[in-house]
Amino acid sequence: MGSAKSTHLEILRMLRDSEGSFVSGVTLAEKVGISRPGVWKHINRLKQMGYEIQSRSRRGYMLVAVPDSLAHGEIVPNLNTRWLAHTYHYLTTLGSTNDYALILAAEGAPHGTVVIAEEQTKGRGRLKREWMSCANRGIYLSILLRDLLPIRIAPQTSYIGSLALVKTLREEFGIAASIKWPNDVLINGRKVAGILTETQSDQDFTRFTVVGIGINVNHSRQEMAGPFRYPATSIAIETGFAVKRQKVLLEFIGRFEREYERFLEKGLSALLPEIEQYSEMMGKTITVVYGNREMVGKACGISAEGALLLLRDDGTQEPVWAGDIVRIEGGI
Ligand code: BTN
């Protein structure tokens with residue numbers, strides 16, 4: 001007999017296997033080893049989870065539609081990765097997926113562990129800012145990486161997240177997304193995603209790295225009205241239609257794994273041509289703020305170590321390692 005926890009998932013799997021046709025209550029009851037009223041109870045639980053299931057007397061149950069949930073059962077069986085997200089923690093609500101991933105990392109969770117929440121109550125952005133994480137609209141995820149990286153290289157993993165997302169949006173959804181240094185993704189000049197990378201290190205090498213990514217997928221205009229430090233948007237606002245978060249997440253995870261392997265094998269320089277090609281600011285005059293300092297110049301490249309190269313009026317080139325771009329020529 002299936003455990004109370006997983007019986008509904010067994011029933012769901014049987015309904016999926018017979019997609020488009022009815023499965024009788026008797027068959028479900030026999031295969032799962034429970035009574036017919038028991039089946040009915042579990043069907044109701046699935047309905048509450050958002051699965052649309054038709055019931056017909058004498059014919060049984062048919063799965064009509066699945067919710068856009070990021071639960072284990074909707075994502076893990078459809079993954080096309082060698083190691084990423086094979087350990088998958090899904091929570092409906094959580095303070096912050098990065099905080100949770102940092103705890104799991106300290107407890108020895110494996111390389112490639114993913115933490116996903118449908119809602120965050122203490123979502124964190126860079127520089128201790130808040131990350132708005134309303135329920136079931138966005139993707140709030142953290143990836144645990146356990147490779148030992150030289151400390152100066154670890155921040156470069158943020159580029160893997162932004163490149164993987166930009167390529168997902170461009171190639172799978174036809175959306176001309178771009179990268180805003182150091183770790184934002186924009187659509188039509190507005191921020192649609194942000195990345196927060198955190199590490200723990202021993203002397204010169206990282207013990208682990210957590211890459212946290214927040215993507216605004218189906219947020220409404222009202223939810224994105226702000227105030228935010230930089231104009232914000234969602235994929236749905238920019239395209240005019242709701243997007244399946246499952247598809248965004250699956251594509252993103254697959255691409256993150258591929259880009260990360262490319263990065264490990266060949267270094268950031270292998271990714272730079274694409275990062276520059278998809279950059280929002282290359283060739284434009286930008287203003288970067290770091291603490292009290294404001295720098296203005298033309299963005300002219302990204303160095304092999306990940307610094308933004310700023311061409312100043314006097315013709316000198318200055319590498320910028322940290323800060324916020326607060327203005328982009330011709331931007332919003
Ligand atoms: C930024 O733009 O400042 C970075 C935002 C990062 C937000 C994500 S959402 C998932 C993960 N958990 C967090 O608390 N933050 C990151």
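The basis for the numbers below is simple: all heavy atoms, side chains too, and nothing from hydrogens, waters or symmetry mates. Each ligand, and each atom within it, is numbered from 1 in the order the structure gives.
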Within-cut-off N or O pair, Lys191 and ligand 1, under 3.5 Å = yes
Tell me: protein heavy atom nearest atom 9 (S) of ligand 1, and distance?
-> Gln120 NE2, 3.4 Å
Which bit of Leu141 gets closer than 4.0 Å to ligand 1, counting heavy atoms only: side chain, backbone, both or neither?
-> backbone
Heavy-atom proximity to atom 10 (C) of ligand 1 ranks first, among Val211, Asn98, Val185, Thr97, for Thr97
Which ligand 1 atoms are under 4.0 Å away from a heavy-atom of Gly123?
-> 14 (O)
Beyond-backbone contact of Leu268 with Tyr159, side-chain heavy atoms, under 4.5 angstrom | yes
Report, in ascending order of atom number, the atoms of ligand 1 lying under 4.0 Å from any heavy atom of Gly125.
-> 1 (C), 3 (O), 4 (C), 5 (C)
Under the 3.5 angstrom rule, does the side chain of His86 hit a backbone N or O of Thr81 as a donor-acceptor pair?
-> yes
Glu274/Arg170 salt bridge by N-O under 4.0 Å criterion = no
Could you pull out, from Gly214, Ser158, Ala232, the option with a heavy atom nearest to atom 8 (C) of ligand 1?
-> Gly214
Can you list the ligand 1 atoms lying under 4.0 Å from a non-hydrogen atom of Arg124?
-> 5 (C), 6 (C), 7 (C), 13 (C), 14 (O), 15 (N), 16 (C)
List in chain and number order the residues that pass side chain to side chain donor-acceptor pair (under 3.5 Å) with Glu74, two or more places apart in sequence or in another chain; answer none if no residue qualifies.
-> Arg16, Tyr51
Hey, what do you get for CG (Asn188) to CD (Glu280), rounding to the nearest 0.5 Å?
-> 9.0 Å
Where is the tightest heavy-atom contact between Phe252 and Ala164, given as atom of each residue plus distance?
-> CE1-CB, 3.8 Å
What protein heavy atom sits nearest atom 5 (C) of ligand 1, and how far off is it?
-> Trp131 CE3, 3.4 Å
Identify, by atom number and element, the atoms of ligand 1 in contact range of Asp184, meaning under 4.0 Å from any of its heavy atoms.
-> 2 (O)
Looking only at heavy atoms, what is the nearest atom pair of Val185 and Ala177, with distance?
-> CG1-CB, 4.1 Å
Taking atom 1 (C) of ligand 1 as the point of reference, which of Arg126, Glu198, Arg229 owns the nearest heavy atom?
-> Arg126
Contact check: Ser96 vs ligand 1, nitrogen or oxygen atoms, below 3.5 angstrom | yes
Logged contact type for Ile195 with ligand 1, heavy-atom cut-off 4.0 Å, is backbone
Only counting residues at least two apart or in another chain, list the ones meeting side chain to side chain donor-acceptor pair (under 3.5 Å) with Thr233.
-> Glu238
For the pair His219 (side chain) and Met224 (backbone), establish whether a donor and an acceptor sit closer than 3.5 Å, ignoring hydrogens and angles.
-> no
Is the closest heavy atom of Arg129 to ligand 1 under 4.0 Å?
-> no
Which part of Asn183 is near ligand 1, with near meaning a heavy atom under 4.0 Å away: side chain, backbone, both or neither?
-> neither
Would you please classify the geometry between the His42 ring and the His8 ring as parallel, tilted or perpendicular, with 30° and 60° separating the classes?
-> parallel
